[in-house]
There are 4 protein chains.
Amino acid sequence: MTADPKTRLRADARRNRDHILAAAREMFAAQGLDIPMEEIARAAGVGVGTLYRRFPDRDSLILAVAQEAFTQVIDDARAAAAEEPTGWAALERLIGRSRGLQVSFQLAWSSARARDILLADPNTGRLRDALMAELARIVAAAQAEGTMRPDVGAGDIAVLLVLLLRQPPVGRGPMRFGLDRAVAIMLDGLRASSTNPLPGDPISDADLPFDGEHAAAMSRLRSSRDR
Amino acid sequence: MTADPKTRLRADARRNRDHILAAAREMFAAQGLDIPMEEIARAAGVGVGTLYRRFPDRDSLILAVAQEAFTQVIDDARAAAAEEPTGWAALERLIGRSRGLQVSFQLAWSSARARDILLADPNTGRLRDALMAELARIVAAAQAEGTMRPDVGAGDIAVLLVLLLRQPPVGRGPMRFGLDRAVAIMLDGLRASSTNPLPGDPISDADLPFDGEHAAAMSRLRSSRDR
Amino acid sequence: MTADPKTRLRADARRNRDHILAAAREMFAAQGLDIPMEEIARAAGVGVGTLYRRFPDRDSLILAVAQEAFTQVIDDARAAAAEEPTGWAALERLIGRSRGLQVSFQLAWSSARARDILLADPNTGRLRDALMAELARIVAAAQAEGTMRPDVGAGDIAVLLVLLLRQPPVGRGPMRFGLDRAVAIMLDGLRASSTNPLPGDPISDADLPFDGEHAAAMSRLRSSRDR
Amino acid sequence: MTADPKTRLRADARRNRDHILAAAREMFAAQGLDIPMEEIARAAGVGVGTLYRRFPDRDSLILAVAQEAFTQVIDDARAAAAEEPTGWAALERLIGRSRGLQVSFQLAWSSARARDILLADPNTGRLRDALMAELARIVAAAQAEGTMRPDVGAGDIAVLLVLLLRQPPVGRGPMRFGLDRAVAIMLDGLRASSTNPLPGDPISDADLPFDGEHAAAMSRLRSSRDR
DNA sequence: GATGAATGAGCGTTCATTCAT
DNA sequence: TATGAATGAACGCTCATTCAT
């Protein structure tokens, strides 16, 4: 009823921002992180200036795309935990679906530089904690059901997830199919029927994957900037 | 008495080539594929001109480093097959050792561009065939022993290997340890005791991993060059 | 009872204009002539759009600031002539105070570009004439008193004034003190007791300082714009 | 007799360097310090890359031009002291000739930024000391002769010199002539016959002009870089 | 054959100016 | 009329590659 001009303006800006993020996600995935900023802008249908108004430099764009992707993984884990009847089903869905998130997530991990940018941001820690909490919940449920071997922790699941998420996107070829089977093999290795002892203790949700790396990433970024 | 100048020259040239390859391997791993050619030359102790004499452009240097790494994986598979008493032991050694090869291998797969360069080279097909043949031998042996589930093929092992090799190098942190456990989980999933059916048929040594990608990679490279 | 909206608007506009000029004067002095327009707008508390409404481009803003500064010098000369008891006292005050005007004046002369903008404006000629007339009055008075050497003209004073005004602003260091002494030395050189002949004839108020430069400045500006 | 290739190469490099410096000196003077690097390169007859090989950024080019100009002033002072029969004659020549050096020197002082670059360089201190030593020698000689008033020091001369050197270059118009007269007026103010007391004490060669500014300039440059 | 100086295309980034709201 | 988002031209700088020595 009341057309708020401020809201309208914001809608435009937000639309631009979203276009830029979507374009960046796709271009990064397709061409790598060093795609010219101008091409991203063109793909988003805006001028370079607008891109730079929203994201003051390439790093901040990479960070935004990466955290968006990270957030999607968390949302997916949360949805799986909430909607699936059993912990094992949630686990299967999460690891199975994970390849669907690949396209957006893998870029975040595709280069040492991208990783550093992500780790150097303080918000990343919170995202990590949220994801690990979700995984811990799923693992606990599956183990309580007796479907998952008891000697693994949320950190172990995170490692497997990262293995899968880091792969470059696959289309519809044999590799895609091979990944489905690899996931199934991993899941079999996680079943309660697997009794061969694993090395060391379960990796809890406090151990992985980037604890203590924040400072290191920051200093690496700083020194690379000075170079 | 008279040292043949040509032979002497060749020895020098070979030394230079080796220095350059070693420097490139290290710099690529440490700094990424877009390290300036001049820094590689400096690290190799030669001038840029010499570097360009041996490798006419950056792509050919990347290709040489990548194929060298690929060859190491093959050698390792061959050695595992030859020296281990059982197929399962060879498999364990290969997958376990794989992380040792990571450092040199992952660079070859670290970017879409590097992958295209590798795939576009006709020699890569031969290397792939050699690796798959080795894996097929190990799988057949392990299945004959009854230690490996019968519904997997050499291609499945290749997929798992690629999952592991593509990870960025890890030092001695929790991630390193997590990878050891992930490997153990995968191995458990491969044991004969795993009876949950896998989706589809075993992936044979003819299906994976880059069949049909040669032409695609060539055209991608060509179009990126024209851009 | 009813405040005329037009009048109100004009008051607002004038306030905006004044804020912009004040902000520009300070930012120009502190950061140089190439400070971003947006920063000037922010310092003035208006949007860039408003700034551009008042001053259609950077040059016209520079011109406005410069002429404002010029006007201050004239006002000061006029006040000195009116308020001081003797011509010599007026001269001392003018040259002595000149450093107080420095801060705002020197920016107008700090770059070839600013000078051209100023010279290209037809109004500058009127300001120059007003200043020279004032100086001529002071010089005539001082010479009539017998305190100033007779072989100098208003133009000579203008040159000395320009020498001082063009200096970048000094704080409270040794340079500030040094300038006080330099002024005293100059004044001593101007006294009637100085009898060493000066080269050429006195520079009258018609000779200096930018006669014939108007056209040159305009063509320089034009060609720099075309470049 | 022996053509040393190394020397020849160096000669080429040096020639390039000299061309670049000469072009920069002229372009800076004519167009200001923010002339595009590419135009300087073009004027020097080299590519931008070569310019950047010799001077890694604009600041270092400004610094080189400025110090070259500074060195010329020192050389001139030294020559005047050595070749003129009296201290007063040396002083007259130095201050008179100073406008000849203007063209190259004034750029060094034409902007706060240039001044900071110059002051931040540790070598500048040595140049300053050399110049002040020369001025002190000239002043002492002229005062010993009884031609210069005894209550001025080398620092006072430096201030006057700076006043003149900071002026933008003048061609052959009335301003040029006016400067000749201004110089004569200043010289008259410096004669032994001037007996009006100056404010404060003579400025010695230890007081001026940039003592203690090195650190300040460095921090200003640093903070402007962060902006 | 080896060297490293020179080139210049190309990308990141900034900012003057315009214009939709 | 005021605002500030959008645009894109322009410049600083880097680095792959070439070529004179």
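First the proteins, then the strands, lettered A, B, ... as listed; each starts at 1. All figures in this text were calculated on a predicted structure; none of them were measured in a lab.
Side-chain proximity of A:R54 to the nucleotides F:dC13, E:dA2, F:dA5 is greatest for F:dA5. Residue C:T50 places its side chain closer to F:dA2 than to any other of F:dA16, F:dA2, E:dT18. The C:R53 side chain lies nearest to F:dT1 when the options are F:dT1, E:dA16, E:dA2. For D:V48, the listed nucleotide lying nearest its side chain is E:dA9; candidates were F:dT18, E:dT17, E:dA9.
The residue B:R42 sits apart from the nucleic acid: no heavy atom pair falls under 4.0 Å. Contacts of A:R17 with the nucleic acid, taken as non-hydrogen atoms under 4.0 Å apart, are absent.
Between C:P56 and B:V46, the residue anchored nearer the 5' end of DNA chain E, judged by the nucleotide with its closest heavy atom, is B:V46. Place B:L51 and D:L51 on DNA chain E by their nearest nucleotides, and B:L51 ends up nearer the 5' end. Looking at which nucleotide of DNA chain F each of D:G49 and A:G45 is closest to, the 5′-most match is held by A:G45.
Atom pair A:R15:CZ and E:dT21:P shows a separation of 11 Å (rounding to whole Å applied). Atom CD in C:E39 sits about 12 Å away from atom P in E:dT14, given to the nearest Å. The separation between A:Y52 atom OH and F:dG12 atom P is 17 Å, rounded to whole Å. When rounded to the nearest whole Å, the span between CZ of D:R14 and P of E:dA5 equals 14 Å. Straight-line distance from the CE atom of A:M37 to the P atom of F:dC11: 21 Å, rounded to whole Å. Taking atom CG of residue D:N16 and atom C1' of nucleotide E:dT7, one finds them 11 Å apart after rounding to whole Å. The distance between atom CD of B:E38 and atom P of E:dG4, rounded to the nearest whole Å, is 9 Å. Per the geometry, CG belonging to B:L61 stands 11 Å off P belonging to F:dT17, to the nearest Å.
Between the C:D57 side chain and the C:S60 main chain, a donor and an acceptor come within less than 3.5 Å of each other. The main-chain N or O of B:V48 is never found under 3.5 Å from a side-chain atom of B:R53 such that the two would form a donor-acceptor pair.
Atom CG of C:D116 sits about 12.5 Å away from atom CG of C:D121, to the nearest 0.5 Å. For the atom pair CD1 (B:I62) and CG (B:D34), the distance works out to 9.0 Å, reported to the nearest 0.5 Å.
D:L51 and D:I20 make their closest contact through CA-CD1, 3.8 Å (heavy atoms, listed as atom of the first residue, atom of the second, distance).
Pairing of E:dA20, defined by two Watson-Crick or G-U wobble distances under 3.5 Å, is identified with F:dT3.
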